[in-house]
> 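Let me give you the structure first, and then I'll get to my questions.
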Amino acid sequence: AQSVTQLDSQVPVFEEAPVELRCNYSSSVSVYLFWYVQYPNQGLQLLLKYLSGSTLVKGINGFEAEFNKSQTSFHLRKPSVHISDTAEYFCAVVSNSGYALNFGKGTSLLVTP
Amino acid sequence: NAGVTQTPKFQVLKTGQSMTLQCAQDMNHEYMSWYRQDPGMGLRLIHYSVGAGITDQGEVPNGYNVSRSTTEDFPLRLLSAAPSQTSVYFCASNRLAGTDTQYFGPGTRLTVL
């Protein structure tokens, strides 16, 4: 089985500051990793995903994440956040034979002026 | 494409009542899933389907039934609603197992009194 731990439940940050949202996973098999974003009162949409190849993955809205197999991490970063980035962010994992995602508990990013 | 649609958007039930949450997708995806989202818990998988006529249980299946008679539709039935089922329910679909992006519906907010 696979599981995900998001290390911070809330991350407050000022506008234009950098941010890192942390995600660690555990699995005994190869996995694929995802970051989803949920804006207030909306469904989830994909930010980025790691399947294979380059460990640095770029996504939408200027976000990127780095897959680190030795540390079993997949942290999400953005060099300069905007007010509009305020949302809930979910890290998720699935095995290469799995059918549905295992989600972390989410990190609430609050960007203030 | 409408993507993944869910009805209703909001629902209030009394304890013991039954109802069906509807989910439909027009992307011809084989895989469909139901999640519930509770504060501080992330998204937890209720049931999923890997094709018409094939369903399986997820992490929290008790109190819910599903069926998949067509590729497009994946309804979730609450047999006898309980206050513990108060939650936001999301339906998702994806074309392939594992690597593929899951597309989420807008959610149904259910309150059980």
Side-chain angles (χ1 to χ4, degrees), chain A residues 1-11 21-25 27 29-53 57 59-60 65 67 87-109, chain B residues 2-7 9-10 21 23 25 27 29-51 54-61 66 68 74 76 87-109:
Chain A
Q2 302 78 45
S3 67
V4 166
T5 302
Q6 291 185 243
L7 299 165
D8 306 293
S9 59
Q10 293 183 334
V11 174
L21 306 184
R22 297 181 294 167
C23 172
N24 286 96
Y25 70 94
S27 177
V29 299
S30 295
V31 295
Y32 304 116
L33 292 155
F34 301 76
W35 276 100
Y36 281 82
V37 61
Q38 183 182 31
Y39 298 106
N41 299 313
Q42 294 186 26
L44 280 73
Q45 64 182 87
L46 181 70
L47 268 180
L48 48 80
K49 60 184 176 181
Y50 173 77
L51 305 180
S52 64
V57 180
I60 62 171
F67 172 65
E88 191 85 12
Y89 292 79
F90 293 96
C91 184
V93 64
V94 66
S95 73
N96 57 8
S97 60
Y99 300 119
L101 296 165
N102 288 315
F103 283 89
K105 294 184 177 182
T107 297
S108 179
L109 177 64
Chain B
V4 180
T5 58
Q6 292 182 239
T7 55
K9 287 190 175 182
F10 302 94
L21 308 185
C23 173
Q25 52 92 8
M27 297 174 282
H29 286 172
E30 287 296 319
Y31 301 92
M32 296 186 74
S33 308
W34 275 103
Y35 297 88
R36 59 176 289 173
Q37 183 180 25
D38 302 292
M41 300 294 291
L43 279 79
R44 293 180 291 170
L45 182 65
I46 304 171
H47 286 284
Y48 64 95
S49 169
V50 301
I54 307 170
T55 64
D56 205 348
Q57 296 181 350
E59 181 184 354
V60 288
V66 292
R68 184 99 179 269
F74 190 43
L76 178 72
S87 187
V88 181
Y89 292 85
F90 288 100
C91 179
S93 74
N94 47 303
R95 186 171 55 91
L96 302 170
T99 63
D100 199 29
T101 301
Q102 281 200 332
Y103 293 88
F104 285 81
T108 294
R109 186 174 294 273

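All figures in this text were calculated on a predicted structure; none of them were measured in a lab. First the proteins, then the strands, lettered A, B, ... as listed; each starts at 1.
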> If you round to the nearest 0.5 Å, how far is CG of B:N94 from CG of A:L46?
11.5 Å

> Under 4.5 Å from any heavy atom of chain B, what part of A:L44 do you find: side chain, backbone, both or neither?
both

> Taking B:G42, B:G107, B:P106 one by one, which has the highest count of heavy-atom pairs under 4.5 Å against chain A?
B:G42

> Contact part of B:Y103 toward chain A, heavy-atom cut-off under 4.5 Å: side chain, backbone, both or neither?
neither

> Quick check on A:Q45 against chain B: is it the side chain, the backbone, both or neither that has a heavy atom closer than 4.5 Å?
neither

> Locate the shortest heavy-atom distance separating A:K49 from B:T101; write the atom from each residue and the value.
NZ-OG1, 3.2 Å

> Answer with side chain, backbone, both or neither: which region of B:L43 has an atom nearer than 4.5 Å to a non-hydrogen atom of chain A?
both

> Search all heavy atoms of A:Y36 against all heavy atoms of B:Q102 and return the closest pair with its distance.
OH-N, 2.9 Å

> Counting only heavy atoms closer than 4.5 Å, note whether B:R109 contacts chain A via side chain, backbone, both or neither.
side chain

> If you take all heavy atoms of B:Q37 and A:F90, which pair is closest and at what distance?
NE2-CZ, 3.2 Å

